[in-house]
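Just so you know, these numbers use all the heavy atoms, side chains as well, and skip hydrogens, waters and symmetry mates. Below, chains carry the letters A, B, ... as their sequence lines are ordered, and counting in each starts from 1.
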Protein chains: 2
Amino acid sequence: MGNESGSGGVQSVDRAISVLEILSRRGEAGVSEVAAEIDVHKSTAFRLLGALEARGLVEQAEDRGKYRLGFGIIRLAGGVNTQMDISRRSHPVCQRLAEEIGETVNIAVLRSSYAVNLDQVRGPSAVTAYNWVGQLTPLHATSSGKVLLAHADDRQRAKLLSDGPLEPLTDRTITDVAELERQLAEIRETGYAFCLEELEDGLNTIAAPIRSYHGDVVAAVSASGPAYRFPAERMHELASVLISGADEISGRLGYAG
Amino acid sequence: MGNESGSGGVQSVDRAISVLEILSRRGEAGVSEVAAEIDVHKSTAFRLLGALEARGLVEQAEDRGKYRLGFGIIRLAGGVNTQMDISRRSHPVCQRLAEEIGETVNIAVLRSSYAVNLDQVRGPSAVTAYNWVGQLTPLHATSSGKVLLAHADDRQRAKLLSDGPLEPLTDRTITDVAELERQLAEIRETGYAFCLEELEDGLNTIAAPIRSYHGDVVAAVSASGPAYRFPAERMHELASVLISGADEISGRLGYAG
DNA sequence: GCATTTCGTTGCACTGCTCGCAACAGGAGA
DNA sequence: TCTCCTGTTGCGAGCAGTGCAACGAAATGC
């Protein structure tokens, strides 16, 4: 589903990235914790941290021997770009939607052949700690993904749909291309998409398209919650709220309507 | 000024980070460009890119052979943390300030012994393309830095001021500690700080403090513009606008006033 | 259209960079 | 005070990283 260059090649680089991920996950860690987690000797972990620190990707926290991610990461993130503007401009609307709908709201964009989550605002009743930001999700199994697929141009969509079988993630995942295409046509009519436990058991989501100045769909805003509390009926009731929010975000991106 | 662990140690990791910085700066690059810039053989550059791609920090753009930063960076940035909340909550106010003042607005926080820029909104008349986000700036030579120094607790401030001589960056940089202390006392009285070509020739800035729920100063919001268009008189006129903006941001962080 | 140049990609073998080991100093807890 | 754990440093072996050469594909120039 994407072609990777190289084989993942340079072991010490791979290890350094693992170090970054550990710090991202844990917030802070010492040399020995890092060493244990990537299964290397302490002195190796120490040197990897040193290399990362010398370039600002890692820094030492106030506690001696505790390392955390540094602002060099933010600087790099500033280069990832234009799609982060979408995230920024939509954030206030997401906050309002999260309060109004009561569930967690996400912004996602199409990237390669995935829906990538750019931003997240937890709903007041959110019980799950899961942070979707930066996560890649399969297009066919998420409401955001379906929105992005529905509004992709025909050629792009045909390519995305022919990139291999639709992977079943739950019993409910749509794996039949014809059925998915039917849903995508419906999404273009109704203006929103929904997913009923297709990505994860117990997780329901609904999404609406965000348009750019030019009118093309460049992102999706979604609301997600547990199936027991966010069933199909409720999702359909809330569709208009989400669509309004999506329209407001579109306006913020310069879309005239 | 900080203590570095290791010596920057692992050459291949260092090279990989250089690759990330090149992509951040250029947006996109091919194997040969990267190789030329870090002065390694093409095949080495290719393998470094491959390692970074395998972990999502780099991805291939639609153009064959063109690489760009991937969303793994965003995921990592999500772990840098709590201070990014400040950035998010203040952004709408920064946008308004940038329009109202007409110049570029930044948010900065104290980190180690630097002012680190978290966010930036360019003013309508901004001619410079410079992106300060993620940049470390010396406390004594920026208005944000002065605000953060002025409101640091006495012990911390004494430590920061005793960390070596105040480096002269222009003819106008304050290098006398007593003079800087006098300015910091004035900042605490007036409620804002300004810099007249102290960081860079031709660059003037003004800053005001942002307070957290607890009332302590956790960030500074600043406006900066070219001296010819943003002279001292105009800055003082605009101080109340910036202070109002800072107060609004403080309110957003839960400060009750 | 053809020839040339440049690109990205792969396999090979050399060697220097990476790594683990051992030792040490410092801090915390019993 | 002793023990254990931590982070940090120096050393040298060996293997992982590297440059070279070759190849196919794409781009460019005539």
Side-chain angles (χ1 to χ4, degrees), chain A residues 1-23 25-70 112 159, chain B residues 1-23 26-70 112:
Chain A
M1 196 161 329
N3 50 324
E4 299 200 329
S5 22
S7 53
V10 183
Q11 182 175 251
S12 51
V13 171
D14 198 61
R15 282 176 172 167
I17 295 169
S18 292
V19 171
L20 294 174
E21 289 183 350
I22 289 162
L23 294 181
R25 206 165 60 232
R26 291 178 172 224
E28 285 189 351
V31 174
S32 298
E33 290 175 76
V34 169
E37 192 146 348
I38 59 175
D39 200 26
V40 297
H41 192 269
K42 280 192 298 179
S43 62
T44 299
F46 180 72
R47 275 185 292 253
L48 289 171
L49 284 162
L52 294 167
E53 189 180 11
R55 301 297 291 271
L57 298 198
V58 162
E59 67 193 16
Q60 292 201 43
E62 288 76 33
D63 296 349
R64 182 176 167 277
K66 290 291 184 185
Y67 293 84
R68 66 191 174 191
L69 292 180
S112 221
K159 183 171 186 307
Chain B
M1 188 143 4
N3 53 323
E4 299 200 329
S5 20
S7 55
V10 184
Q11 181 176 252
S12 51
V13 171
D14 198 61
R15 281 176 172 166
I17 295 169
S18 293
V19 171
L20 294 175
E21 289 182 350
I22 290 162
L23 294 181
R26 291 178 173 223
E28 286 189 350
V31 173
S32 299
E33 290 172 69
V34 169
E37 192 148 346
I38 60 176
D39 200 25
V40 298
H41 191 270
K42 281 193 299 181
S43 63
T44 298
F46 180 72
R47 277 184 291 251
L48 289 170
L49 284 162
L52 293 167
E53 189 181 9
R55 302 297 291 270
L57 298 199
V58 162
E59 67 192 17
Q60 291 200 45
E62 288 77 33
D63 296 350
R64 181 177 167 274
K66 290 293 183 183
Y67 293 84
R68 65 190 175 192
L69 292 180
S112 223

**Request:** Respond yes when some side-chain nitrogen or oxygen of B:Tyr67 is under 4.0 Å from OP1 or OP2 of C:dC7, and no when none is.
**Result:** no
**Whole-Å distance separating the NZ atom of A:Lys66 from the P atom of D:dT8** = 12 Å
**Complete:** In this structure, CG of A:Leu48 is separated from CD1 of A:Ile38 (nearest 0.5 Å) by 5.5 Å
**Qualifying residues under side chain to side chain donor-acceptor pair (under 3.5 Å), relative to A:Thr44, sequence neighbours excluded** = none
**Prompt:** What residues form a salt bridge (charged side-chain N to carboxylate O under 4.0 Å, His left out) with B:Glu33, not counting sequence neighbours?
**Reply:** B:Arg26, B:Lys66
**Item:** Degree of bending in the helix from C:dG1-D:dC30 to C:dA30-D:dT1 once both end axes are built from five pairs, to 10°
**Value:** 50°
**Prompt:** Could you state the CD-C1' distance from A:Glu33 to D:dC5, rounded to the nearest angstrom?
**Reply:** 13 Å
**Request:** Name all residues meeting the side chain to side chain donor-acceptor pair (under 3.5 Å) criterion together with B:Ser43; count only those two or more places apart in sequence or in a different chain, and write none if there are none.
**Result:** B:His41, B:Arg47
**Partners meeting salt bridge (charged side-chain N to carboxylate O under 4.0 Å, His left out) with B:Arg15 (sequence neighbours left out)** = none
**Fill in**
Taken to the nearest whole Å, CZ/B:Phe46 to C1'/C:dG11 is 13 Å
**Fill in**
Here the distance between atom P of D:dA26 and atom CD of B:Gln60, to the nearest Å, is 14 Å
**Asked** Nearest-Å distance, CD (A:Glu53) to C1' (D:dT8)?
**Response** 13 Å
**Request:** Measure the CG-CG distance between A:Leu49 and A:Leu57 for me, rounded to the nearest 0.5 Å.
**Result:** 11.0 Å
Restricting both atoms to N or O, compile the protein contacts to nucleotides 18-24 of chain D shorter than 3.5 Å, with distance only.
| unit_1 | atom_1 | unit_2 | atom_2 | d |
| --- | --- | --- | --- | --- |
| D:dT18 | OP1 | B:Arg15 | NH1 | 2.9 |
| D:dG19 | OP2 | B:His41 | N | 3.3 |
| D:dG19 | OP2 | B:Thr44 | OG1 | 2.1 |
| D:dG19 | N7 | B:Ser43 | OG | 3.2 |
| D:dG19 | N7 | B:Arg47 | NH2 | 3.3 |
| D:dG19 | O6 | B:Arg47 | NH2 | 3.2 |
| D:dC20 | N4 | B:Ser43 | OG | 2.8 |

**Request:** Evaluate the criterion side chain to side chain contact (heavy atoms under 4.5 Å, CB included) for residue pair B:Ile22 and B:Glu37; output intermediate values, then yes/no.
**Result:** CA-CA 8 Å; B:Ile22 290 162; B:Glu37 192 148 346; 3.7 Å; yes
**Prompt:** Between A:Val40, A:Val34, A:Leu69, A:Asp14, which is the residue that forms a side chain to side chain contact (heavy atoms under 4.5 Å, CB included) with A:Val19?
**Reply:** A:Val34
